[in-house]
Amino acid sequence: MNATFNSRRFALLVKKTLQERQMLFLGLTGLSLLVTLVTYLFAKAMSDIEDAQNMSFIIGLVGGGSFLASQVFGYFNSNAMGASFMTLPASTLEKWLTGILFAGVLYLAIFLSFYRLMDTYFVNDYHQNLNPKLPYYKLMMEQVQIFPYDGFVGIKSFIMFFNFAGAMLLGSLYFNKLSFLKGALVIFCFWFGAFFLNWIIAKSMISQMQNAIPYWLVWVDVNKDQGRIELQENLSKTVTILIGVVVPLILWSLTYFRLKEKEF
Amino acid sequence: MIDITNMSFGYSKKKLLYKKINLHLEAGHIYGLLGKNGAGKSTLLKNIIGLLFPTEGEIRVNNHTPEKRRPAFLESIYFIPEEVYVPALTVEKYVNLFSPFYPKFNRNDFNRYMEELDVKTENKLTSLSFGQQKKFVIAFALACNTDILLLDEPTNGLDIPSKKRFRKLIASVMNESRTIFISTHQIRDLDHLIDQVIIIDEGDLLLNASINAIGEKLVFRAVDEISDSVHVLYSEESMKGILTVSENIDKEESKVNLEHLFSAVTDNPEKIKTLFHS
């Protein structure tokens, strides 16, 4: 068991990683939080709070989280740094868990805490500055609420985060240099490939198809109106579990095996 | 102890760098791995530490399989690559964070080695020059007291006094349980330091012999002219006359010149193999 996992060694590794790479982690996390705040303020000024919440949450969680994930195993753009990391006396499991801790747990905890604080402040500020004499005061009050993490955008963002961050983490072990750009390119190609393939298949089956979103729905023209064809509820649940749980689990687990087999 | 059996390795499957090489390294020796640029010296060291995996064959290091990269194996071996890495930490911080991974690390040894290599700084390691960073890593690696120490071109980036200090230090830390494996193409830097010579060229292991055995089999002379009766393996004109390497038929005593030895071996690989296997 000592060869696979040792809690003391794991704690030492986390401490070492945190101090050795604190500028990178703190810098990237700080940058991501700043971008989230700026996006929120910008979207709030240009549109409304609801748009600001959605946009900043997606950018901060998915964008920031994926970028950080691409850097967690970013030791391999230098021969010396890569060798130092790989030859450090700790098991592959401990090294992998450290990566998971930073990319999947710590960043998530810091981002969600920051986001909740920021959002609460802006929502309260909006409520306090709303004029009670306005005709739709009650409706306007109720319309702007603290962003629900378990709402539609929240859940979709978490699914994207776990998929993209997992892919980035894995990509950083395949691409020694410019891992973020190369990883992002692979995700982009996969995403658009799936979208395009799905579109072609849907079009060949439904002649009135207007648009199709993979694993979710197809928009069709019905006379002058539009209709949507959705997956059956049980199928939809299966697909959600597959994309939200199974695929991320595979991606994050593959990272472990890639790290174990990595030659450098 | 390092045992390499029928090891083949190549960065591409079509073109192998090493084909079925065998090598046995014992504890208590300082091995010098000599080869031209691109001969595969670093590749061999990376296979021994487990950063690269043999395509075929087996490597065993103190009963461990390097490619598994188990903590117990990594605790027993230290690899210093040609280009060293130091994080933006002070010496104290570095030692506090990295030394707990090496059970035999000795702080007093480390302080002594730092002094002997003349490395002093209160600032972050990244503010040191490349040579100073390298000396710091060497001091740390030696203080880890691992059974095996692999050094890839350790003298690159060191000035002349530092090279001297390095040689002195390596000689002083050597003991019966330690194996030190130094790869270099700067052969003169290893003079008076190594007791075993390994020469590789074009993926082939041409020589693995002790300095004593080399002195017994080959003779290094300075002559005025080359006699026809002597089969000279290598010759080079110099101020002292013609420096030659030839078969030591008359059991003469001579000082092994590593540079000339290297040229003699790479110019006459088959002859050398026959000579040293007989």
Side-chain angles (χ1 to χ4, degrees), chain A residues 1-28 71-99 102 173 176-177 256-264, chain B residues 9 11 42-43 45-55 64-90 92-105 124-126 130 133-134 137 140-141 144 146 148 150 152:
Chain A
M1 190 59 192
N2 196 42
T4 313
F5 186 81
N6 175 295
S7 52
R8 183 185 164 268
R9 208 168 46 215
F10 177 61
L12 284 170
L13 185 63
V14 171
K15 186 180 159 198
K16 181 225 140 208
T17 312
L18 197 60
Q19 300 211 19
E20 182 190 18
R21 314 198 82 205
Q22 63 176 324
M23 285 310 288
L24 180 85
F25 290 133
L26 290 180
L28 285 184
Q71 304 301 311
V72 163
F73 291 125
Y75 298 95
F76 303 106
N77 52 17
S78 137
N79 239 326
M81 213 196 309
S84 167
F85 171 71
M86 297 294 267
T87 59
L88 188 82
S91 69
T92 306
L93 181 68
E94 289 152 3
K95 288 175 185 172
W96 176 74
L97 281 175
T98 309
F102 284 103
L173 292 174
N176 292 341
K177 295 194 191 295
Y256 167 76
F257 293 107
R258 175 64 190 156
L259 188 60
K260 196 175 161 64
E261 298 296 318
K262 179 145 180 90
E263 290 185 70
F264 184 69
Chain B
F9 177 85
Y11 288 99
S42 305
T43 302
L45 295 189
K46 282 184 166 188
N47 271 276
I48 294 172
I49 187 76
L51 286 174
L52 294 172
F53 307 157
T55 321
H64 293 284
T65 306
E67 62 184 84
K68 289 184 179 163
R69 296 194 283 246
R70 293 226 164 102
F73 163 69
L74 296 170
E75 280 169 6
S76 70
I77 187 165
Y78 203 106
F79 171 56
I80 303 179
E82 186 176 357
E83 281 174 31
V84 293
Y85 157 71
V86 288
L89 298 169
T90 60
E92 273 312 303
K93 206 89 181 163
Y94 185 96
V95 171
N96 288 342
L97 292 175
F98 284 76
S99 66
F101 289 96
Y102 297 92
K104 292 187 201 163
F105 180 84
K124 286 183 176 171
L125 293 165
T126 41
F130 176 72
Q133 288 183 359
K134 198 153 198 177
V137 173
F140 182 82
C144 287
T146 52
I148 297 165
L150 307 177
D152 192 7

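What you see below is based on every heavy atom in this structure, not just the backbone, and it leaves out hydrogens, waters and symmetry mates.
The line from OG of A/S84 to CZ of B/F98 is 5.0 Å long, rounded to the nearest 0.5 Å. One finds the CD atom of A/E20 at 3.5 Å from the OH atom of B/Y85 (value rounded to the nearest 0.5 Å). Rounded to the nearest 0.5 Å, atoms NZ (B/K46) and OG1 (A/T87) are 11.0 Å apart. Between A/M81 atom CE and B/E83 atom CD the span is 11.5 Å, to the nearest 0.5 Å.
Options B/E67, B/E82, B/K68, B/K93 differ in how many heavy-atom pairs under 4.5 Å they form with chain A, and the most are formed by B/K93. The residue among A/E261, A/R8, A/Q19, A/K15 with the most heavy atom pairs within less than 4.5 Å of chain B is A/Q19.
For the pair B/L51 and A/M86, the tightest heavy-atom approach, listed with the atom from each and the gap, is CD2-CB, 3.3 Å. Closest of all the heavy-atom pairs between B/V84 and A/A80 is C-CB, 3.5 Å. Heavy atoms only, all atoms of each residue included: A/S91 and B/P71 are closest at N-CG, 3.5 Å.
Neither the backbone nor the side chain of B/F73 comes within contact range of chain A, judged by heavy atoms closer than 4.5 Å. If you measure heavy-atom distances from A/S78 to chain B, you find no contacts under 4.5 Å at all. For B/Y102, the part lying under 4.5 angstrom from a heavy atom of chain A is the side chain only. Both the backbone and the side chain of B/L52 come within contact range of chain A, with heavy atoms under 4.5 Å apart.
Residues A/E263 and B/N47 are not in side-chain contact: their nearest non-hydrogen atoms beyond the backbone lie 4.5 Å or more apart. A 4.5 Å side-chain heavy-atom check between A/L13 and B/F101 finds at least one atom pair inside the cut-off.
Donor-acceptor pairing under 3.5 Å is lacking for the side chains of B/N96 and A/K16.
The number of heavy atoms from other shown groups lying within 6.0 Å of CZ (B/R70) does not exceed 12.
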